[in-house]
Enquirer: 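The structure's right below; bear with me while I get my questions together.
Computation of the quantities below employed the complete heavy-atom set of this structure, encompassing side-chain atoms and omitting hydrogens, waters and symmetry-equivalent molecules.
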Amino acid sequence: MKKALLSLLLFFSSFSLWAQESASNGWYSVSSTETILSLGSVKATGLETNNVVRFTPFFNYAVTLHKDFSDKAGFYFGVDIRNVGIITDLNDSVRVKQRTYNLGIPIALKFGDMKGNLVGIGINNEFAINYKQKTYVNDEKSKTNIWFSDRTKIYLPSAFIEFKAKTGNYIRFKYYLTDYLIEENQAVNVAGVNYRPTQSNMMYLSVGFMLDNREILK
């Protein structure tokens, strides 16, 4: 897993360098990070589920290419990596933590002051590349780590809205447009517990910072 994350870091570094070198005709690149508070809405046959807020400061990173049509409107696209997931209590003694690292292609329109406060509205085409599950039974933990798992959807499209300040700080709300989990492919290996999520919506609120890479080059 560490080697894979290192490879992703090298990929994003290479993309960022390419984006900076390729910026021309008004295009420019922006790097960003974010801390995520995510929540699922999971319903499962025969279980009284309860969902818990998930806090994720690591590893969430993006590089985007921006084009401003005017002082009041613009557009961007890029690549990002996100650590997203849900925490679900299946009963009083069983908790399941499920997360994926998603590789995404965000596309958004921007409105407001392109050098100040603005609003962005967009979609993100995300692909789940690594899945981890931790199951806690009376505080005893077991875990599973799978590349390109069939326990979640591989393609996870989402829609988002974000508010960015002149300082580069931003807040974002994102909602995933499909169920997160595949109902028939769940496994918790707990006697008497059959986990079949008929609904697994996911959403998150995040805060982060965007850095215009032109500032680095000055």
Enquirer: Take N51 and T88, measure what side-chain contact (heavy atoms from CB on, under 4.5 Å) needs, and give me the verdict at the end.
Expert: CA-CA 5 Å; N51 297 111; T88 310; 3.3 Å; yes

Enquirer: So how far is it from R99 CZ to M202 CE, rounded to the nearest 0.5 Å?
Expert: 12.0 Å

Enquirer: If every non-hydrogen atom of I36 is compared with every non-hydrogen atom of N83, which pair is closest and at what distance?
Expert: CD1-O, 4.0 Å

Enquirer: Any donor and acceptor pair, going by atom type alone, linking the side chain of Q133 with main-chain N or O of A187 inside 3.5 Å?
Expert: yes

Enquirer: Does N138 offer a backbone N or O that forms a donor-acceptor pair with the side chain of S93 under 3.5 Å?
Expert: no

Enquirer: How about K153: does its NZ atom have over 12 heavy atoms from other parts shown lying under 6.0 Å from it?
Expert: yes

Enquirer: Which pair of heavy atoms, one from R54 and one from V84, lies closest together, and at what distance?
Expert: NH1-C, 3.5 Å

Enquirer: Determine, for R172 against E34, whether the closest basic-nitrogen to carboxylate-oxygen distance falls under 4.0 angstrom.
Expert: yes

Enquirer: Quick one, T56 and T35 - any side-chain contact, counting heavy atoms below 4.5 Å?
Expert: no

Enquirer: Does T49 use its side chain to pair, donor to acceptor, with the backbone of V42 at less than 3.5 Å?
Expert: yes

Enquirer: Could you tell me whether a side-chain N or O of N145 sits under 3.5 Å from a main-chain N or O of K132, the two making a donor and an acceptor?
Expert: no

Enquirer: Counting N and O atoms only, with roles assigned by atom type, does the side chain of D80 sit under 3.5 Å from a partner on the main chain of G104, one being a donor and the other an acceptor?
Expert: yes

Enquirer: May I ask you to decide if the ring planes of W27 and F77 are parallel, tilted or perpendicular, using 30° and 60° as cut-offs?
Expert: perpendicular

Enquirer: Would you check if the side chain of D179 reaches a backbone N or O of Q199 as a donor-acceptor pair within less than 3.5 Å?
Expert: no

Enquirer: Checking F75 against I107 for the side-chain contact (heavy atoms from CB on, under 4.5 Å) test, could you report, in this order, the C-alpha distance in whole Å, the side-chain angles of both residues, the deciding distance, and whether it holds?
Expert: CA-CA 8 Å; F75 162 85; I107 303 170; 3.6 Å; yes

Enquirer: How far apart are the closest heavy atoms of I86 and Y180, and which atoms are they?
Expert: CD1-CD2, 3.9 Å

Enquirer: Do any N or O atoms from the side chain of Q186 and from the backbone of I182 form a donor-acceptor pair under 3.5 angstrom?
Expert: yes

Enquirer: What is the minimum heavy-atom distance between I123 and F160, and which atoms define it?
Expert: O-CE2, 3.5 Å

Enquirer: Can you check whether L39 reaches V53 side chain to side chain, under 4.5 Å on heavy atoms?
Expert: yes

Enquirer: Has S38 got a side-chain atom pairing as donor or acceptor with G85's backbone, closer than 3.5 angstrom?
Expert: yes

Enquirer: Passes side-chain contact (heavy atoms from CB on, under 4.5 Å), I129 versus T100? Steps please.
Expert: CA-CA 7 Å; I129 58 175; T100 50; over 6 Å; no

Enquirer: Find out if a path of hydrophobic residues (ILVMFWY) with successive side-chain heavy-atom gaps under 4.5 Å connects V207 to F173.
Expert: yes

Enquirer: Assess whether atom CD of E184 is packed by more than 12 heavy atoms of other residues, nucleotides or ligands within 6.0 Å.
Expert: yes

Enquirer: Should V137 and V96 be counted in the same cluster of Ile, Leu, Val, Met, Phe, Trp and Tyr side chains packed under 4.5 Å apart?
Expert: yes

Enquirer: Under a single-linkage definition using a 4.5 Å side-chain heavy-atom cutoff for Ile, Leu, Val, Met, Phe, Trp and Tyr, are Y204 and I87 assigned to the same hydrophobic cluster?
Expert: no

Enquirer: If you define the side chain from C-beta out and look only at heavy atoms, does anything of R95 sit under 4.5 Å from V52?
Expert: yes

Enquirer: Taking all non-hydrogen atoms of both residues, which atom of V193 and which atom of N91 are closest, and how far apart?
Expert: CG2-ND2, 3.9 Å

Enquirer: Counting C-beta onward and ignoring hydrogens, is there a side-chain heavy-atom pair between N213 and S29 closer than 4.5 Å?
Expert: yes

Enquirer: Is it true that, when you exclude D71 itself, more than 12 heavy atoms of the residues, nucleotides or ligands shown sit nearer than 6.0 Å to its CG?
Expert: no

Enquirer: Of all heavy-atom pairs between S149 and R151, which one has the smallest distance, and what is that distance?
Expert: OG-N, 2.9 Å

Enquirer: Go through the steps for F127 and Y155 under the test ring-ring contact (aromatic ring centres under 6.0 Å, His included), then give the verdict.
Expert: CA-CA 5 Å; F127 300 87; Y155 178 54; 5.3 Å; yes

